[in-house]
Each structure stands twice: as C-alpha cells, then as structure tokens.
Q: 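Can you read through this structure? Questions will come right after.
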Amino acid sequence: MLALFTVISFLTGSLPASDTKVPPDVHSPTENYLLWMWNNRLYVYSAAALLLGFCFLLQVTRRKINHTKDSGSKDSGLKVQKAAKNEVSSDEDADVHVSGVKIFYGSQTGTAKGFASELSQEVQALGIPAEVMDMKDFDPDDRLADECVSKSVCVFLVATYTDGRPTQNAEWFCKWLEEASTDFRYGNSFLKGLRYAVFGLGNSVYVGHYNTVGTNVDKWLWMLSARRVLSRGEGDGNVVKSRHGSVQADFRAWKVRFLSRLRALARGEKKSCSGNCKSGASCKNRKKHGAPEEEEHGSEVELIESSSEEEESGWPDEKTSRSVVDVEDLGNIMSSVKKAKGVKGEQGGQMVKLSKHNGVMKTEDEEERREMITPALREALTKQGYKLIGSHSGVKLCRWTKSMLRGRGGCYKHTFYGIESHRCMETTPSLACANKCVFCWRHHTNPVGTEWRWKMDPAEKILQDSLEKHQNMIRQFRGVPGVKPERYEEGLAAKHCALSLVGEPIMYPEINTFLRLLHSHRISSFLVTNAQFPEEIRNLVPVTQLYVSVDASTKDSLKKIDRPLFKDFWPRFLDCLRALGEKKQRTVYRLTLVKAWNVEELQAYAELIALGQPDFIEVKGVTYCGESSASSLTMANVPWHQEVVAFVQQLADMLPHYQIACEHEHSNCLLIAHSKFKVNGEWWTWIDYDRFQDLVQAHEDSGGQQTFSALDYTAKTPSWALFGSNEQGFDPADTRFQRRNKTKDISGC
C-alpha cells in the first residue's frame, strides 16, 4: 500500500505546472494558498502517503500482539482444564485400580492349591481383597466375562498332569477356554479388559509335556484379548533344571514379582518404556526428536508383560517373531539370545560348560550340581519317618521288622525265602524314580527323573550311614514291651538289605559298588527295579535276588498304572525282561494286582513270563495307602485274598513250567515258582545265605570268571510256608497279633 501511494505521488508530481504567469497581487490570500499547494503538491502527496503507511503498519502490529495474547490465554485455559479433569479423574479412581484378586487353581496333588492359599494371604496382607477358587466350581461361560469390567486381576495356578492334560478339577475350564478361543461366536475380543497372570506347575523330565497346561491357558486367554500383567511363571519339579532349585522356590520367586506388579497396579502406575523393545524394532512410543525428551518425560505404556519368563530372557514371542527385522539388527538379536540362554551342552550324558580359562568344554563339577533332596522334600520325607542320608539316599524301619522283633510274625520274604525280618534293613541309594505309579505308597513325595543329574554321594558313606541309622532305630525298641531280647540283639546287626524302600536304586551310578560293599559285610541284597533301565540291569553284579516290577501286561495298562516318564517306556520294559532272563542268579517278576485295572490280562502276563523266564513270580494284591490326590485308587481296587488266589491259579495253569509254591495270606501274596526248584516233590525256594556269600566272594576273587546260578544257593522250604498249608504262610514260631481300632501301618516292602 505504501509503495502504491509513493508511485501515485511521483506521477502526479511530475506533471508540468501551468505556464500562465499571474501576478501575485492579483489573487486573494486563499487563492495564493491553494496555488502554493498546487505548486508543492509533490511534497504534500509524499507526506500523506507516509502517514497512511505508518497508520497501516501500526494497526497490523497491534493485531499480531492481540492474537498472541489470546492464543496464550486459550492454551493456559486448556491446560488448566485438562489438569483439573485429570485431577478429578484421579480422585474418582484412586481406590479402584484393582478391586481384588481372584486366584484360580487346578491341582491334582494339592501343590497348586497350597500355592493359591499362600498367595491369597500375601495379597490380603497388602490390603487387597483376594478370593481362592477351585476351577471345577467356577463356570467360565457365565462368569469369566464379568471379570473384564470388575477391575480385578485373575491369577491362574495350573498343574500339568499325565500326558500334558489338565488336572481333573481343571478339565472343564480348560476345555471351555480352548473352544472359546477358536469359536467365532465369542470373537477374539471376548475377554478384552481382563487382566491376568499365569503360573504353571510341571516337571521337565516329561519331555514334550512340560507345563503344557500353563502355556495353553496363557495362550488361550491372550487369543481372547485378555491382558497379561506379568510374564508366565513356570515351576519345575525337576530340581536339576528348576531355575531356583524346586517348584516351591520357583513359585516364591514368581510370587515376589507378581506382588510387586500388583502394588504398582493398585497405585495406578504405568510402566515407563525405555525404548529398548525386545524385537529390536522401532518403538511406537519413541519420540522423533531424540532420547533426552524420552528420558525426561518417559513414554507411558500399560503394565503388560511378555508371555513367559523364557521370552523375557531374550526369546522372541509369537508377535515379535512376526515383526520385520533389519539384516543389520540380526547379529545383535542373536547375540542377545546367546547371552540369555548361556552356553550349554551335553557330553556323554553329563552337563558340560565352557572353561573360564581357555573355552575348552569340560564336565560340570560335582560341587556345581544340585542336590536331589530339596528342603521341602526333606521336610516331607522326614515327616513320613525316613532317615535321610546325604543328598539322595534314605533308610526306614519296615513294619515287619518291628513285628518280628516282638514275635508277631515276619513278612512274605520270610515265608517265601527265609529272611529274618528283624534283621532286614530297608534302604535305597536313590530316592528318585522314573515312574509315578498310581499305587505308590509314598504318595509321590519322592523326586522323579530319567537319568542321574544330581550330586552324588560315595557308596561307602551311604552304606555306613544306613547301617548306623538303622541300628539307631532298632535301639529305640530296647525295653519296649513284647520285644524279644534275643531278636533285639540280632536286629542290631543287619543281615539282609531290601533295596525297595522308594525310588529306583538302579539309577544310582555306583550301584555295583554299593552291592559289593553289602556283600563284603555278608549282607544279602534284594534289589527291586521298575523295568525302565535295561542296560543297567545287564551291567549289574550278582545280586542275591533281582526283582522286576511287572505292574501291567499291555502298553496301555502299563501307561495308565505306572505313568512312566520315558516316551519309549514299552520297548524299555520289554528289554528289561529280556535282560532279566540273561541273569544267572535268582530273578523274580513282581506283579501287583489292581482290581478293575489289570486283573483281566492273564494271556498277556503269560507271554511276558515266557519272555523273561523268571525263577519266581510274586503276585500281590495292591496295598491301599490311604486317600491321595495324586491317585484315583480306592479300597474298591484292592482285591480280596481269594480273588488273588483265583488269579494265580488261572495264571499258573497257563504256564507249563511253573507251579504255586508258597502263600502269605497276611500280605495277600502268593509265590509261583519254576519247577526246577521242586526237587523230589519238595520245594526249595528258601535261600542259603551263607552259601551265597561264599559264592559271590569266589566270583569277585576270580575277577568274574567263576560263575554260579540260582540253584547253587537254595534251601528247603518249610511246610508251614507252602501253599495250601493250615498256617497260610504264618510262622508257627510266632504269635499272630490282630489289630483292632488301630490306624493301619502301611510301611514295609
């Protein structure tokens, strides 16, 4: 505008003035003034233009100042309104970030249930309501969706049972959850808003089924858009591979993390994003203009975790694995994975690791291995009366030892083989077992495993401590009413060792050394194995009597009853029977009858007997050990003695070279013997123990060249021990004692 006025003024000013000369005295003053203005019009126009331009600039400047002030006032007002709104919202929600915690448990043995009660008490100690719920009493179809809007946190403590299936009380819940996660009628946002955490209980020795239920529950909830507030915890019953040494320790470590996260949720806190996302990709919450702003303010995200602790340690989860990763970042990702997992390997079945000095692979030292007996296991076994030895062995006084000290009769081994029950030490060099049998009288308190991965105590120490502890337990009967003095004195010196207390003794790597030590003390050996370690059976030194437990005769029934850890349990089982047939000393099949489970398999049993050709077959009715959440066995599964007799008679009729030899009615047990032990119409099933010790000593002295067989150390069976006798296997030298209104003692071999 100013430029326009300047141009106009210049043009008008350049016009020529009039040439008419008028004398100054001719015009009036007014005319003279106007004439002067016309002659100086250039200056007048220029001044006017400058004045207008100045006014215009002044007006524009004032408008800009006013606009800036208005904008600042408006922004300040919005900030105040926003802050006030946030303050009001915070006041309204201050006490309802977490309305409560609901703890669901799926338990078979009671461990998960105990964890649920423990967690409930800890949550309530924080001032947060907590409720423990059995999954079988909760209908997820009607009630689970309500938790999406209740501001509660749901915790799922679930155990994995046989073959990776859920426990009985969690079957319906897991079935519904699995179906809902893939049912379009529910939709993938059915549980949107539900906050949850999962802790699974399992045992890594079950390869392929470890913590399957916990993993699936976590996955199914995630598929229904539930929000994970803490990474999935995994408790491992295998003390070798457990992160913290036991399933109890694993739960305690996870519980600490959960309670910490719960406190943060209750305060309404958010988790700050560091920008270091696990996938290595760019973070959505990272600002474009540098990290300093992030460090100062922090990008807030919800408290949602990765699916499991393994993923948290560097392994990508399902979503991360789908993300695009630059080639340049691949090396960094692989490096972090290696650091997270560590350098592990196996060499000859032993744990190995890199040397700190030169990187050479070396076997893990014994001191670095974990002990088999965890504090919780030690407490449980001690409560059951075990005297624990070292880190993996134990000894316990058999009830038949107590009975014979008082002259009330011996066990079936006394009837069948002539052992002196009051001089028998029941022990094991390995508390671990490769099976979890439904009739286990230890209620599965012992550890399980498929190979030796624990610290190992020397055989000499195990035997020395076993004899000492056994002797101390015998001494406790000194002066007890009814104890015979002569048997008490004899009982102080053990003569027999029943390696059948618990677990799988043959798993102990130094089992042959232990057997030789027993024989050097002239202690006979009765070794029981569960038929899962064929090579160990073949490598055994001579044993007084070697047992194989044949709890079922078909693959399906064996899996159902023994619940073995090995995937190839059936080939192993058959190979063990073949290995038993290769032994020259006394061998025994040990059959345990469970009514409605394995008593209808006579032909299959006959085929297994033909495979291993044992010297003897013990058939015993299952002993009911009381109610256990680990087993569905009841008194209805215990056969009557007459039923056991009928089974044995039918089985013996199917075996061409076997006959019924002995009976011990009090133990509900019968003995089928090979006809080679019947000489001139008389049974010779008893053992000449002194003769056996002489033979085994000669065998050792000859370096194994001088062999001997089961027939070289037999003794004649007394008439009262024979099948069909009036005594029914009870030694007439003793007095039978009938218990009345007493709790039954189920211990014994």
Side-chain angles (χ1 to χ4, degrees), residues 393 395 411-414 416-420 423-430 459 462-463 466-467 494-550 575-590 612-618 671 673-674 677 685-715 749:
S393 308
V395 63
C411 68
Y412 71 87
K413 289 188 180 73
H414 172 63
F416 296 170
Y417 316 117
I419 77 162
E420 300 171 83
R423 302 187 67 183
C424 181
M425 175 179 68
E426 191 177 21
T427 185
T428 180
S430 171
I462 296 174
L463 179 58
S466 296
L467 291 172
K495 186 179 180 180
H496 315 285
C497 180
L499 294 166
S500 59
L501 175 63
V502 68
E504 182 67 82
I506 207 170
M507 285 181 66
Y508 177 51
E510 297 294 327
I511 184 62
N512 283 333
T513 303
F514 187 79
L515 290 170
R516 290 190 180 101
L517 287 171
L518 283 174
H519 299 155
S520 68
H521 287 73
R522 300 189 71 83
I523 299 175
S524 64
S525 52
F526 290 78
L527 176 62
V528 180
T529 175
N530 290 317
Q532 289 295 298
F533 297 93
E535 291 307 314
E536 285 75 3
I537 291 178
R538 290 188 172 93
N539 296 331
L540 272 180
V541 298
V543 180
T544 307
Q545 190 155 284
L546 178 61
Y547 288 78
V548 166
S549 294
V550 182
D575 199 17
C576 283
L577 301 186
R578 298 187 190 98
L580 193 77
E582 300 168 7
K583 310 301 286 187
K584 296 182 180 297
Q585 290 73 46
R586 294 166 67 106
T587 57
V588 183
Y589 274 15
R590 190 177 189 179
Q613 291 293 315
D615 295 323
F616 304 98
I617 306 162
E618 292 178 4
L671 179 70
H674 196 282
F677 292 95
T685 65
W686 276 35
I687 300 173
D688 186 340
Y689 294 100
D690 292 332
R691 176 62 177 160
F692 169 80
Q693 298 298 346
D694 295 338
L695 291 170
V696 77
Q697 184 61 48
H699 174 80
E700 292 294 332
D701 293 342
S702 66
Q705 297 299 317
Q706 184 174 336
T707 61
F708 60 99
S709 69
L711 294 175
D712 294 331
Y713 55 101
T714 60
C749 56

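We use all heavy atoms of the structure for the numbers below, so side chains are in, but hydrogens, waters and symmetry mates are not.
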Q: Within the structure provided, determine whether Val588 and Phe526 are in side-chain contact (heavy-atom separation under 4.5 Å).
A: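 Counting from C-beta outward, Val588 and Phe526 never come under 4.5 Å.
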
Q: Within the 3.5 Å criterion, strictly below it, is a donor on Ser702 or Gln705 matched to an acceptor on the partner's side chain?
A: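 No - no donor-acceptor pair under 3.5 Å links their side chains.
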
Q: Apply side-chain contact (heavy atoms from CB on, under 4.5 Å) to residues Arg538 and Leu580 and explain how you reach the verdict.
A: CA-CA 8 Å; Arg538 290 188 172 93; Leu580 193 77; over 6 Å; no

Q: Is any side-chain heavy atom of Thr544 less than 4.5 Å from a side-chain heavy atom of Val696?
A: no

Q: Using the test salt bridge (Lys or Arg N to Asp or Glu O under 4.0 Å), find all partners of Lys495 that sit at least two apart in sequence or belong to another chain.
A: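 Lys495: salt bridge (Lys or Arg N to Asp or Glu O under 4.0 Å) contacts with Glu420.
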
Q: For His519, which residues count as a ring-ring contact (aromatic ring centres under 6.0 Å, His included) partner, sequence neighbours excluded?
A: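 Scan of His519 (ring-ring contact (aromatic ring centres under 6.0 Å, His included), adjacent residues dropped) gives Phe692.
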
Q: Between His414 and Ile419, which heavy-atom pair has the shortest distance, and what is it?
A: ND1-O, 2.7 Å

Q: Is the shortest side-chain heavy-atom distance between Glu426 and Val395 below 4.5 Å?
A: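 A side-chain contact is absent here, since even the closest heavy-atom pair is not under 4.5 Å.
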
Q: Report yes if some heavy atom in the side chain of Cys576 is under 4.5 Å from a heavy atom in the side chain of Asn530; otherwise report no.
A: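 No; the side chains remain at least 4.5 Å from each other.
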
Q: Under 3.5 Å, is there a donor-acceptor pair between the Glu504 and Thr529 side chains?
A: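 Checked: Glu504/Thr529 side chains pair up, N/O donor to acceptor below 3.5 Å.
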
Q: To the closest 0.5 Å, what do you measure between CG (Leu711) and NZ (Lys584)?
A: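 Atom-to-atom, Leu711:CG and Lys584:NZ are 12.0 Å apart.
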
Q: Keeping the roles fixed (side chain from Ser393, backbone from Pro429), state whether a donor-acceptor pair exists under 3.5 Å.
A: yes

Q: Quick one: salt bridge (Lys or Arg N to Asp or Glu O under 4.0 Å) partners of Asp712, sequence neighbours excluded?
A: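 By the salt bridge (Lys or Arg N to Asp or Glu O under 4.0 Å) rule, Asp712 matches no residue at all.
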
Q: Of all residues at least two apart in sequence or in a different chain, which pass the ring-ring contact (aromatic ring centres under 6.0 Å, His included) check with Phe416?
A: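 Phe416: ring-ring contact (aromatic ring centres under 6.0 Å, His included) contacts with Tyr412.
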
Q: Where do Leu577 and Val550 land on the side-chain contact (heavy atoms from CB on, under 4.5 Å) test, with the steps shown first?
A: CA-CA 9 Å; Leu577 301 186; Val550 182; 4.2 Å; yes

Q: If I compare all heavy atoms of Pro614 with all of Thr587, which pair ends up nearest, and what's the gap?
A: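 Heavy-atom minimum between the residues: CA-OG1, 3.5 Å.
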
Q: Any non-hydrogen side-chain atom of Arg516 less than 4.5 Å from a side-chain atom of Ser520?
A: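 Not touching, per the 4.5 Å side-chain cut-off.
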
Q: Minimum heavy-atom separation for Thr714 and Arg586, please, with both atom names.
A: CG2-NH1, 4.1 Å

Q: For a quick test of reading the model, state the closest non-hydrogen atom pair linking Ser500 to Val528 and the distance between them.
A: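 So the minimum-distance heavy-atom pair works out to CB-CG2, 3.5 Å.
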
Q: Is the side chain of Lys413 donor-acceptor paired with the backbone N or O of Cys424 at a distance under 3.5 Å, no angle test?
A: no

Q: Atom CG of Leu540 and atom CD of Glu535: how far apart are they, to the nearest 0.5 Å?
A: 11.5 Å

Q: Kindly compute the distance separating OG (Ser430) from CD1 (Ile462), expressed to the nearest 0.5 Å.
A: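 Atom-to-atom, Ser430:OG and Ile462:CD1 are 9.0 Å apart.
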
Q: In chain order, what residues pass the side-chain contact (heavy atoms from CB on, under 4.5 Å) check against Arg691, with sequence neighbours excluded?
A: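 Per chain and number, Arg691 pairs via side-chain contact (heavy atoms from CB on, under 4.5 Å) with Asp688, Leu695, Tyr713.
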
Q: Would you confirm whether Asn512, through its side chain, and Asn539, through its main-chain N or O, come within 3.5 Å as a donor-acceptor pair?
A: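 Such a contact is found between Asn512 side chain and Asn539 backbone.
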
Q: In Å and rounded to the nearest 0.5 Å, what is the OG1 to NE2 distance from Thr685 to His674?
A: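 Going from the OG1 atom of Thr685 to the NE2 atom of His674 covers 14.5 Å.
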
Q: Is Ser709 reaching over with its side chain to a backbone N or O of Gln585, donor-acceptor style, under 3.5 angstrom?
A: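 A pair under 3.5 Å: no.
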
Q: Residues in ring-ring contact (aromatic ring centres under 6.0 Å, His included) with Phe616, at least two apart?
A: Tyr417, Phe677

Q: Applying the side-chain contact (heavy atoms from CB on, under 4.5 Å) test to Leu546, which of Leu499, Leu527, Ile506 qualifies?
A: Leu527

Q: Work out which heavy atom in Val548 is nearest to a heavy atom in Ala531; give both atom names and the distance.
A: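 Shortest heavy-atom contact: CG1-CB, 3.5 Å.
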
Q: Going by heavy atoms in the side chains, are Phe708 and His699 under 4.5 Å from each other?
A: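 They are in contact (side-chain heavy atoms under 4.5 Å apart), so the answer is yes.
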
Q: Which atom pair, heavy atoms only, marks the closest approach of Gln545 to Ile687?
A: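 Looking at all heavy atoms of both residues, the shortest contact is OE1-CD1, 4.0 Å.
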
Q: Side chains of Asp701 and Gln697 only: does a donor on one sit below 3.5 Å from an acceptor on the other?
A: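 Yes, side-chain donor-acceptor contact under 3.5 Å.
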
Q: Are any non-hydrogen side-chain atoms of Leu671 and Ile617 less than 4.5 angstrom apart?
A: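 Not touching, per the 4.5 Å side-chain cut-off.
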
Q: Assess whether salt bridge (charged side-chain N to carboxylate O under 4.0 Å, His left out) is satisfied between Arg522 and Asp694, documenting all intermediate values.
A: CA-CA 9 Å; Arg522 300 189 71 83; Asp694 295 338; 3.5 Å; yes

